Amino acid sequence: MTASAPGASPQKAEFWPYAEAGKLAARAAGYPPERSVVFESGFGPSGLPHLGTMGEVLRPAYVRQAFAALEPSRSSRLIVFIDDMDGLRKVPESLPDREGVAAFLGRPVAQIPDPFGCCSSFAGHMIGLLRVFLAPAEVDYELLRASEMYSTGRFDEVLRRILVLHGEIIAIVAPTLREQNRENWSPFMPVCPACGQVNSTLVTAHRPERDSVEFSCQRSFGGAHGCGFRGERSVLGGGAKVQWKVDWALRWRVLGVDYELYGKDLIDSARISGRIVRLLGGTPPLGFPFEMYLDEAGHKVSKSIGRGVGVEQWRRYAPIEVLKYFLILNPQRARKLFLESIPQYVDEYLDELRAWSAAPEDARRNSPLTFVLQRNSARRFASQLSFAMIMNLVGALGTDDRQLIRAYLQRYDQATGADPETEALVSTLVECAINYYRDFVEPAKQRFEPSEHERAHLGELIAWLKSHPDAEADEIERAVYEIGRLHYDKPGKIFPVVYKALLGQERGPRLGSFFRLTTPARAAEILERALETS
RNA sequence: GAGCCGUUAGCUCAGGCGGCAGAGCAUCUGACUUUUAAUCAGAGGGUCCCGGGUUCGAGUCCCGGACGGCUCACCA
């Protein structure tokens, strides 16, 4: 019930979600029983969600799950906080109507029309994408929007306090700013009532006695400029937002956040926000800085197009469970991720799954799969297959003929078809392998341009296949060799010719059994077509 | 320049409290009744970034350095 959660196996290192949950349990030990523990994760709706976003939501969810196991009687919430009061600073690429959006630079993204034309606002559209994007991961969370928190007054009480204490807050933040920026810095960013921009206003005086600030709309940023308006505006009810580090403190204070994961780039921000939240009478949440994901060259994965592997891509080449598995691996270690490394993680996952299903209940506690398995995930993998092998097979067969692929897999390991759960997972893996094959292997194939001799040899093989529709595998194999023996100094030299005609590559499956499975008649057709198009 | 994190096989990564350095992929060799692929079996492969220190013993703990990444914004 309280902090002294006994580890099930003290001789082992705790899996990191339990270690984190243990710290959290100690923190919550003095809480009244009805008080929930609050996890927070942030999402900036000024851009598209990406792999990092997935990690930022899933990783606190893992800690939450571990916490629930440790403290079953304590309720918890996972808040995904959407900062839609954020002013748009630049127009993201890959948006429709970029010029139209550019006219709204500097305004809160909640106030910008949806360039896709289907949602209430720019931010609304991104939030919709986020929901769709998170849905397959089956993670339980609640969304809170900054614009609603501000406009409904839920932030007002603490906003007043920030205004009263603005001098102390400035004293905390100023040393971290460049000198030329210190003089005019204020915790508040009023929304200009004349032009609607939030990034263009400069606070000229704080008026805590009237809950307001005086400001002028004069700052420029990017390609946008202030409108020149000068005035005074209440900081309550959405008239202003607060600056980043103050904003974090505000959220922590109002929502009672207990746990916040953030990228290591925010370590310094978290320190500052922690001092501010104390000033506001709150306690900083437990923090957990995690490492970034890197691309093949070791650079940080960025939202901008083309860098790193996206979630859509990942899902095309691997099951969602494997992505979740990847995201639970030691978060304090920088990880490189590129397309070629995905199959490796799939096979790691399959190994884990085999171990998990064989393990007794209490030994499963420390397995990543306890956190990663979905409602409909296979609970076991009763097969010797590996994803690498399936990928190779699809490549070797050079086909997306699922029946043929399954026939080979079945021959390799009969157990595969016996268990429905294994069967389902194998189906998914085959689809992923086919996607990979289509996207990367097939386009790289070279056109086959046979010589007259090769054309003739293949003609012989086609004729033979047509006249032996019921031939057995070894019979076919012998026939191929026979043609090779007739025309080449070494009979094996016929094989690359057949493979090039068949698959556009120099190697492939053993021809006897391959032709037998496809049937000689169909094999003959495929070869004929290859000769026609070449 | 300051702070944080990292560096283990060709590549991606594991290495509980200090106790004989590991896996997968890649490479090489062999097997699968004729020189092809999958597959299977086996092998090679290491200055654990460098230098000190503590210790009977250091990939692991401490100090110093090199290299790489991220941050140090009126961006969240």
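Naming convention: chains lettered A, B, ... in sequence-line order (proteins, then strands); numbering from 1 in each chain. Since the model is a prediction, treat every value here as computed from it, not as a measurement.
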For nucleotides [N] and [M], find the distance between their [atom1] atoms and express it as a whole number of Å.
| N | M | atom1 | result |
| --- | --- | --- | --- |
| B:U47 | B:A66 | P | 23 Å |
| B:G45 | B:C4 | C1' | 35 Å |
| B:G42 | B:C5 | P | 42 Å |
| B:U54 | B:C63 | C1' | 11 Å |
| B:G15 | B:U8 | C1' | 9 Å |
| B:C62 | B:G16 | P | 14 Å |
| B:C72 | B:C20 | C1' | 46 Å |
| B:G65 | B:A41 | P | 50 Å |

Duplex segments of RNA chain B, taken as runs of at least three Watson-Crick or G-U pairs that stay under 3.5 Å |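 B:1-7 with B:66-72, B:10-13 with B:22-25, B:27-31 with B:39-43, B:49-53 with B:61-65 - these are the stems of 3 or more pairs that involve RNA chain B.
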Please classify the nucleic acid contact of [X] as base, sugar-phosphate, or nothing, using heavy-atom distances under 4.0 Å.
| X | answer |
| --- | --- |
| A:N184 | base |
| A:T176 | sugar-phosphate |
| A:K90 | nothing |
| A:W185 | sugar-phosphate |
| A:E348 | nothing |
| A:I494 | nothing |
| A:D247 | sugar-phosphate |
| A:Y408 | nothing |

Short side-chain N/O contact to B:A73 OP1/OP2 from A:K245, under 4.0 Å | no
For A:A479 and for A:S269, find the nucleotide of RNA chain B with the closest heavy atom, then tell me which residue's nucleotide is more 5'.
-> A:A479
Tell me which of A:S386 and A:D351 sits closer to the 5' end of RNA chain B, going by the nucleotide each one is nearest to.
-> A:D351
For the pair made of [atom1] in [X] and [atom2] in [N], what is the distance, rounded to whole Å?
| X | N | atom1 | atom2 | value |
| --- | --- | --- | --- | --- |
| A:L177 | B:U71 | CG | C1' | 15 Å |
| A:Y325 | B:G24 | OH | P | 14 Å |
| A:Y18 | B:G16 | OH | P | 20 Å |
| A:I272 | B:A76 | CD1 | P | 15 Å |
| A:L266 | B:C70 | CG | C1' | 10 Å |
| A:E352 | B:A23 | CD | C1' | 12 Å |
| A:R271 | B:G3 | CZ | P | 11 Å |
| A:E477 | B:C32 | CD | P | 14 Å |

Any chance the rings of A:Y317 and A:Y437 have centres within less than 6.0 Å?
->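 No, ring centres 6.0 Å or more apart.
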Can we call the ring centroids of A:F15 and A:Y62 under 6.0 Å apart?
->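 Ring centres of A:Y62 and A:F15 not closer than 6.0 Å.
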Charged N-O contact under 4.0 Å between A:K23 and A:E20 =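 Yes, this pair counts.
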Would you call A:E232-A:R207 a salt bridge at under 4.0 Å N-O?
-> no
Should the pair A:F326 and A:Y345 be assigned to parallel (<30°), tilted (30 to 60°) or perpendicular (>60°) ring geometry?
-> perpendicular
Contacts of type ring pair (Phe, Tyr, Trp, His ring centres under 6.0 Å), residue A:H487, not counting sequence neighbours |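 So A:H487 forms a ring pair (Phe, Tyr, Trp, His ring centres under 6.0 Å) with A:H457.
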Among the nucleotides [options], which one has an atom lying closest to any side-chain atom of [X]?
| X | options | answer |
| --- | --- | --- |
| A:M389 | B:A76, B:U34, B:A38 | B:A38 |
| A:R478 | B:C74, B:A76, B:U34 | B:U34 |
| A:F495 | B:U12, B:U36, B:A38 | B:U36 |
| A:Y345 | B:C74, B:U12, B:A76 | B:U12 |

For A:Y481 and B:U34, say yes or no: do the ring centres fall under 5.5 Å of each other while the ring planes differ by less than 30°?
->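 By the stated criterion, A:Y481 and B:U34 stack.
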Heavy-atom check, side chain of [X] versus side chain of [Y], under 4.5 Å:
| X | Y | answer |
| --- | --- | --- |
| A:L105 | A:V91 | yes |
| A:F515 | A:V498 | yes |
| A:E56 | A:F43 | no |

Worked verdict on A:H206 versus A:S186 for side chain to side chain donor-acceptor pair (under 3.5 Å) = CA-CA 9 Å; A:H206 299 86; A:S186 161; 2.9 Å; yes
Base of B:G16 relative to its sugar, syn (within 90° of 0) or anti?
-> syn
